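Structure, as structure tokens:
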Amino acid sequence: QVRLVESGGGLVQAGGSLRLSCAASGRTSRSNVMGWFRQAPGKEREFVAAISWSGGRADYADPVKGRFTISRDNTKNTVSLQMASLKPEDRAVYYCAADPNAGREDNTYDYWGQGTQVTVSS
């Protein structure tokens, strides 16, 4: 089992920045793809970003491309999501996810965190 715990959510004004972190513990594997997803009220969970096990390849959803940056530190078993130029539509619960073979679809991830709330005021 892999346990994922997100942190860093909160309230920020539009145009501001926020950094989310996800700490992995348990049977962690540095070969895991790490991803971030989000779910806004009344909407389905959607892909935000993912990063390969080496950190050499990152993928972003179009709505966040150029504003969000995903990174990982395999020595600390953490993955981060730096969010800039936040918009009210970025408001959601953000989830960290992990799996050895995963991509943009949430059903390709076996391990999930409990989520952290991000609220962006206009």
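The basis for the numbers below is simple: all heavy atoms, side chains too, and nothing from hydrogens, waters or symmetry mates. Source: prediction; values computed, not measured.
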Quiz prompt | Qualifying residues under ring pair (Phe, Tyr, Trp, His ring centres under 6.0 Å), relative to F47, sequence neighbours excluded | solution = F37
Does [Y] offer a backbone N or O that forms a donor-acceptor pair with the side chain of [X] under 3.5 Å?
{"X": "S85", "Y": "R67", "result": "no"}
{"X": "R91", "Y": "P41", "result": "no"}
{"X": "N74", "Y": "W53", "result": "yes"}
{"X": "Y109", "Y": "G103", "result": "yes"}
{"X": "S122", "Y": "P88", "result": "no"}
{"X": "R104", "Y": "V48", "result": "no"}
{"X": "Q39", "Y": "A92", "result": "no"}

Quiz item: Can you list the steps and then say if D62 with K65 is a salt bridge (Lys or Arg N to Asp or Glu O under 4.0 Å)?
Solution: CA-CA 5 Å; D62 286 343; K65 201 171 292 184; 3.1 Å; yes
Spacing of [atom1] belonging to [X] relative to [atom2] belonging to [Y], to within rounding of 0.5 Å:
{"X": "L11", "Y": "T119", "atom1": "CG", "atom2": "OG1", "result": "6.0 Å"}
{"X": "W112", "Y": "E6", "atom1": "CH2", "atom2": "CD", "result": "9.5 Å"}
{"X": "T69", "Y": "M83", "atom1": "OG1", "atom2": "CE", "result": "11.0 Å"}
{"X": "W36", "Y": "I51", "atom1": "CH2", "atom2": "CD1", "result": "12.0 Å"}
{"X": "R3", "Y": "N77", "atom1": "CZ", "atom2": "CG", "result": "13.5 Å"}
{"X": "L4", "Y": "N32", "atom1": "CG", "atom2": "CG", "result": "8.5 Å"}

What is the minimum heavy-atom distance between [X] and [Y], and which atoms define it?
{"X": "A58", "Y": "I70", "result": "CB-CG2, 3.8 Å"}
{"X": "V2", "Y": "A24", "result": "CG1-CB, 4.5 Å"}
{"X": "S52", "Y": "G56", "result": "OG-N, 3.3 Å"}

Quiz item: Does V33 belong to the same Ile/Leu/Val/Met/Phe/Trp/Tyr cluster as V64, with side-chain heavy atoms less than 4.5 Å apart forming each link?
Solution: no
Quiz prompt | Within one Ile-Leu-Val-Met-Phe-Trp-Tyr cluster: F68 and V93, side-chain cutoff 4.5 Å | solution = no
Quiz item: Rest of the hydrophobic cluster containing V5 (Ile/Leu/Val/Met/Phe/Trp/Tyr, side-chain heavy atoms under 4.5 Å)?
Solution: none
Exercise. Report yes if some heavy atom in the side chain of S71 is under 4.5 Å from a heavy atom in the side chain of R19; otherwise report no.
Key: yes
Practice problem: Please collect all disulfide (SG to SG under 2.5 Å) contacts where either partner lies in residues 46-87, sequence neighbours excluded, each pair once. | Solution: none
Quiz item: Which residue pairs satisfy the disulfide (SG to SG under 2.5 Å) criterion with at least one member in residues 56-122, sequence neighbours excluded?
Solution: C22-C96
Quiz item: Please, which pairs that meet salt bridge (Lys or Arg N to Asp or Glu O under 4.0 Å) have at least one residue in residues 106-122, sequence neighbours excluded?
Solution: R45-D106
Quiz item: side chain to side chain donor-acceptor pair (under 3.5 Å): which pairs involve residues 93-102, sequence neighbours left out?
Solution: R38-Y94
